[in-house]
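Remarks on the structure that follows.
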Number of protein chains: 2
Amino acid sequence: MKNCHTDSAEVNVIDELENDFLRDVAEFFKVFGDVTRIRILQSLLTGEKNVTELADLLDISQSAISHQLRVLRQNNLVKYRKEGKTVFYSLDDEHVQTILEQGMVHIRHKRGYAE
Amino acid sequence: MKNCHTDSAEVNVIDELENDFLRDVAEFFKVFGDVTRIRILQSLLTGEKNVTELADLLDISQSAISHQLRVLRQNNLVKYRKEGKTVFYSLDDEHVQTILEQGMVHIRHKRGYAE
DNA sequence: TTAATATATGAACATATATTCATTTGAATG
DNA sequence: CATTCAAATGAATATATGTTCATATATTAA
């Protein structure tokens with residue numbers, strides 16, 4: 001007799017789904033786990049910016065910025081808007097902002113940075 | 001005449017502090033950016049577990065678990081308690097739990113997993 | 001003390017990832 | 001159309017990271 005928790009084949013299926021899910025969660029956090037991307041995201045907290053602006057502001061090559069923006073795009077952390085030749089990026093939703101700010105608050109408290 | 005925002009040397013000092021801070025934030029998120037560590041953390045949501053338990057439960061070698069627990073320890077995501085030869089690990093504080101759950105909720109919604 | 005068990009650690013290896021450099025695409029303008 | 005400017009992309013390289021394997025440490029039991 002089987003129930004929804006002890007049948008081994010069924011549990012394996014569930015485990016696989018769970019593992020896929022956790023893999024995605026890890027991938028999601030991984031995107032926040034890079035200084036360049038964090039700096040980009042933090043810059044976008046104050047509003048949309050184009051690629052050149054970001055490169056100048058952060059003193060990082062246009063190429064590096066562009067590569068990282070692609071990662072951010074692919075993971076839906078930013079959205080963009082084209083206007084002529086320039087592309088303006090901004091944070092995708094408040095979820096992103098919330099998580100970013102949570103992390104910043106955590107480190108600020110932990111390391112005792114001035115508020 | 002200088003003020004607290006335009007003096008270039010002073011700004012550089014501020015930038016350095018800010019960059020150090022953002023580096024730490026990225027490091028912090030990086031810890032969440034690995035499936036094994038996420039699986040460990042998720043397992044600890046239901047309470048403390050020892051190393052062997054985790055290795056069995058997650059079907060990951062004792063060594064791999066131990067290496068990752070070290071990373072989690074060094075970043076204050078978990079704390080531990082020794083009892084004889086066994087070491088019990090648990091989540092450090094609710095901050096960790098909050099961020100983990102935020103990420104899981106985000107992915108669940110984004111990917112449309114069943115609640 | 002010897003054996004057994006739980007955990008930690010170091011070295012080696014394979015893979016992933018970020019940056020640079022060169023080039024390309026695409027849009028506006030002369 | 002040729003040029004210029006903004007952004008994207010591909011290849012190459014250097015570095016970081018996770019796992020395995022072998023071994024060490026530490027605690028308990030025989």
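Protein chains get the first letters and strands the later ones, always in sequence-line order, with residue 1 at the start of each. The shown structure was predicted, so the numbers you read here are calculated from the model rather than taken from an experiment.
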Between [X] ([atom1]) and [N] ([atom2]), how many Å, whole number?
| X | N | atom1 | atom2 | value |
| --- | --- | --- | --- | --- |
| F32(B) | dT17(D) | CZ | P | 16 Å |
| K49(B) | dT7(C) | NZ | C1' | 18 Å |
| F88(A) | dA8(D) | CZ | P | 12 Å |
| L58(A) | dT19(C) | CG | C1' | 15 Å |
| I60(A) | dT20(C) | CD1 | C1' | 13 Å |
| N50(A) | dC5(D) | CG | P | 15 Å |
| R23(A) | dG18(D) | CZ | C1' | 14 Å |
| L57(B) | dA6(C) | CG | P | 16 Å |

[N] phosphate, OP1 or OP2: any side-chain N/O from [X] under 4.0 angstrom?
| X | N | answer |
| --- | --- | --- |
| K30(A) | dT17(C) | yes |
| R70(A) | dA8(D) | no |
| Y89(A) | dA8(D) | yes |

Inset, instruction - Between V87(B) and G33(A), name the one whose nearest nucleotide on DNA chain C is closer to the 5' end. - result: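 Between the two, 5'-proximity favours V87(B).
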Inset, instruction - Take G84(A) and R37(A), find for each the nucleotide of DNA chain C with the closest heavy atom, and name the residue whose nucleotide sits nearer the 5' end. - result: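 Closest to the 5' end, via its nearest nucleotide, is R37(A).
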Inset, instruction - Could you please spell out the steps behind the side chain to side chain contact (heavy atoms under 4.5 Å, CB included) verdict for Q62(A) and L54(A)? - result: CA-CA 8 Å; Q62(A) 178 267 319; L54(A) 286 169; over 6 Å; no
Inset, instruction - Over 60° means perpendicular and under 30° means parallel, so classify the ring planes of F32(A) and F28(A), tilted if in between. - result: perpendicular
Inset, instruction - For the residue pair Y80(A) and Y89(A), categorise the inter-ring angle as parallel (less than 30°), tilted (30 to 60°) or perpendicular (more than 60°). - result: tilted
Inset, instruction - Would you indicate what S61(A) reaches in the nucleic acid, counting non-hydrogen atoms under 4.0 angstrom: base, sugar-phosphate, or nothing? - result: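 Sugar-phosphate: the residue S61(A), judged by heavy atoms under 4.0 Å, touches backbone atoms but no base.
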Inset, instruction - May I ask you to say what T86(A) touches in the nucleic acid, namely base, sugar-phosphate or nothing, with a heavy-atom cut-off under 4.0 Å? - result: sugar-phosphate
Legend entry - Heavy-atom donor-acceptor pair, D20(B) side chain to R23(B) backbone, under 3.5 Å: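 Not at all, since once roles are kept as given, no pair shorter than 3.5 Å links the two residues.
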If you take atom types as modelled and just measure distance, does the side chain of [X] reach the base of [N] with a donor-acceptor pair under 3.5 Å?
| X | N | result |
| --- | --- | --- |
| Q62(A) | dA6(D) | no |
| S63(B) | dC21(D) | yes |
| H67(B) | dT7(C) | no |

Inset, instruction - Kindly point out which of dA8(C), dG18(D), dA7(D) is positioned nearest to the side chain of V51(B)? - result: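 Closest of the options to the side chain of V51(B): dA8(C).
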Inset, instruction - Consider the side chain of K85(A), meaning its heavy atoms from C-beta on, and name the nucleotide among dT9(C), dT4(D), dT27(D) that approaches it most closely. - result: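 When the side chain of K85(A) is considered, dT4(D) is the closest of dT9(C), dT4(D), dT27(D).
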Legend entry - Contact check, side chains of I40(B) and L69(B), non-hydrogen atoms, under 4.5 Å: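 In short, these two side chains touch, coming nearer than 4.5 Å.
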